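Model, not experiment: these values are computed from the prediction. Throughout, protein chains are lettered first and strands after them, A, B, ... in sequence-line order, and every chain is numbered starting at 1.
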There are 2 protein chains.
Amino acid sequence: MKIYSKFSRETARDYALRVLKENILSLDLKPGTAISENELSAELNLSRTPVREAIIELAKAYLIEIYPQRGSFVSLIDPKMVEEARFLRKITDIAVIKTACDEIDEDGIALLEDNVSLQEYYLSKGMTDKIFELDNQFHKNIYVVAKKDIIYEIHSTLMIHFDRVRNLSVATVKDFKVVGDHRKMLEAIKAGDKETAAELVDKHLGRYQIDEKEIRSKKPEYFKV
Amino acid sequence: MKIYSKFSRETARDYALRVLKENILSLDLKPGTAISENELSAELNLSRTPVREAIIELAKAYLIEIYPQRGSFVSLIDPKMVEEARFLRKITDIAVIKTACDEIDEDGIALLEDNVSLQEYYLSKGMTDKIFELDNQFHKNIYVVAKKDIIYEIHSTLMIHFDRVRNLSVATVKDFKVVGDHRKMLEAIKAGDKETAAELVDKHLGRYQIDEKEIRSKKPEYFKV
DNA sequence: CATACCATACTTGTATACAAGTATACCATG
DNA sequence: CATGGTATACTTGTATACAAGTATGGTATG
């Protein structure tokens with residue numbers, strides 16, 4: 001488990017939450033790992049209270065399982081959870097990008113254009129590590145343009161189920177294809193072309209195909225069933 | 001605020017959460033009302049800890065706003081939140097009922113059939129107060145049939161934004177229309193007719209039209225903007 | 001009277017103490 | 001050796017104490 005340093009203005013609870021989410025997503029906390037409130041609070045130099053509050057929040061999203069008086073554990077990969085997260089992301093992304101086609105204005109175009117241009121720049125310079133965060137930001141910005149940013153936030157924790165399995169996949173997506181997708185999405189939004197935008201999202205998400213059998217054969221101990 | 005009694009097996013935190021959610025939904029806790037951790041824990045005969053944990057969870061869903069060192073308050077009705085909840089419910093319900101058309105089996109049919117039959121029975125006897133809970137159960141069961149029950153649960157707290165505004169509407173929906181909708185949905189699912197099922201959901205949700213202006217003119221102090 | 005100050009009584013955030021249940025290792029007993 | 005009981009060291013759940021910031025009302029001062 002990686003210990004990040006606490007931001008000065010960050011509350012203890014938010015700090016504990018951030019550390020846990022990052023570690024679960026990156027699999028530095030492996031599925032099944034025991035998490036002790038006492039141990040973690042010692043590592044983070046906090047008391048049990050904020051650590052416990054963070055753990056409870058992640059348990060609500062099924063990322064941690066709490067067994068009272070026995071212990072808390074990083075949830076094993078549950079194919080049903082992964083499927084529900086994937087399903088939810090797909091239908092929501094599609095509906096939101098269609099809404100963005102209606103709601104887009106000059107400010108929204110500027111927001112998305114700046115992002116995609118940066119992606120294209122970093123891609124041309126081979127700085128592909130920068131693209132990951134811009135990718136996330138681009139998707140979030142579409143929700144912002146569609147005035148559905150609360151939905152993005154509410155879903156974000158749940159999507160960790162999907163994203164940590166993606167992180168286990170060997171087959172990484174080619175960055176240039178992703179950036180190209182984003183450019184096409186932006187153009188479709190600018191043109192108000194809902195159907196094309198929706199198709200692009202569908203194809204885009206299809207790139208993150210996860211080969212469950214392969215991952216499972218490598219790391220069977222990570223899986224619930 | 002109404003104080004319910006605690007179930008014996010219920011944890012203190014779940015109890016506090018249940019009481020708060022019920023009261024916010026029913027508007028027995030009016031938008032804007034101050035909620036003191038100390039006061040509430042005294043009323044519920046609990047310590048601050050479980051009450052605080054419940055408040056934090058509702059704050060995550062924007063149903064309570066916490067201002068550190070100042071106080072916590074039941075969130076005012078925020079039209080943006082209501083719209084996001086309505087939007088999310090619509091797109092999810094539609095996608096899920098389509099999936100239910102594919103996933104339905106004998107057990108699923110029995111589950112839904114029992115529910116709708118009961119609704120029809122209570123309607124014929126004029127016991128319309130029984131229908132409310134069956135209505136909720138019917139929708140949940142569609143998610144269960146489609147194997148998307150986690151999504152239902154994750155969304156349920158957010159839907160309080162939508163539902164408490166519905167509870168403010170004078171224009172109550174005619175029960176028989178709702179029950180009729182459910183019967184038609186069930187038949188569409190049994191027939192595997194996705195498009196009809198989706199249209200029915202759309203029309204069904206359309207019955208819960210909320211006249212924001214009217215509610216706002218009656219209770220302007222409940223609204224954020 | 002108006003204003004600045006300050007004590008006070010709140011608020012939530014964090015830390016710690018205690019309660020109650022569980023798993024385990026060890027030891028006594030058959 | 002096998003088995004059952006038990007002390008022990010954990011775990012999370014709940015209660016309480018303390019820290020730090022905020023709003024308010026009263027009071028002294030100009």
Would you mind reading off the distance between [X] atom [atom1] and [N] atom [atom2], rounded to a whole angstrom?
| X | N | atom1 | atom2 | value |
| --- | --- | --- | --- | --- |
| B/R48 | D/dA19 | CZ | C1' | 11 Å |
| B/R70 | C/dG13 | CZ | P | 12 Å |
| B/N45 | D/dT14 | CG | P | 14 Å |
| A/I66 | D/dG13 | CD1 | C1' | 10 Å |
| A/L17 | C/dG13 | CG | P | 14 Å |
| B/F73 | C/dC10 | CZ | C1' | 11 Å |
| A/E53 | D/dG13 | CD | P | 12 Å |
| A/E39 | D/dC10 | CD | P | 11 Å |

Are [X] and [Y] linked by a side-chain donor-acceptor pair shorter than 3.5 Å?
| X | Y | value |
| --- | --- | --- |
| A/Y122 | A/D129 | no |
| A/Y62 | B/E153 | yes |
| B/S117 | B/D114 | no |
| A/Y4 | A/N23 | no |
| B/D28 | B/S26 | yes |

Nucleotide nearest B/P50 (side chain, heavy atoms from C-beta), chosen from D/dA15, D/dT12, C/dT14: D/dA15

Using the side-chain heavy atoms of A/L46, tell me which of these nucleotides is nearest: D/dA15, D/dT12, C/dA15. C/dA15

Checking all strands, does A/T11 fall into the base, sugar-phosphate, or nothing category for heavy-atom contacts under 4.0 angstrom? sugar-phosphate

Touch class at under 4.0 angstrom, heavy-atom based, for B/I55 against every strand present: nothing

[N], OP1 or OP2 - any side-chain N/O from [X] closer than 4.0 Å?
| X | N | value |
| --- | --- | --- |
| B/S72 | C/dT11 | no |
| B/S47 | D/dA15 | yes |
| A/S36 | D/dT11 | yes |

Counting only distance, no hydrogens or angles, is the base of C/dT22 paired donor-acceptor with the side chain of A/Q69 under 3.5 Å? no

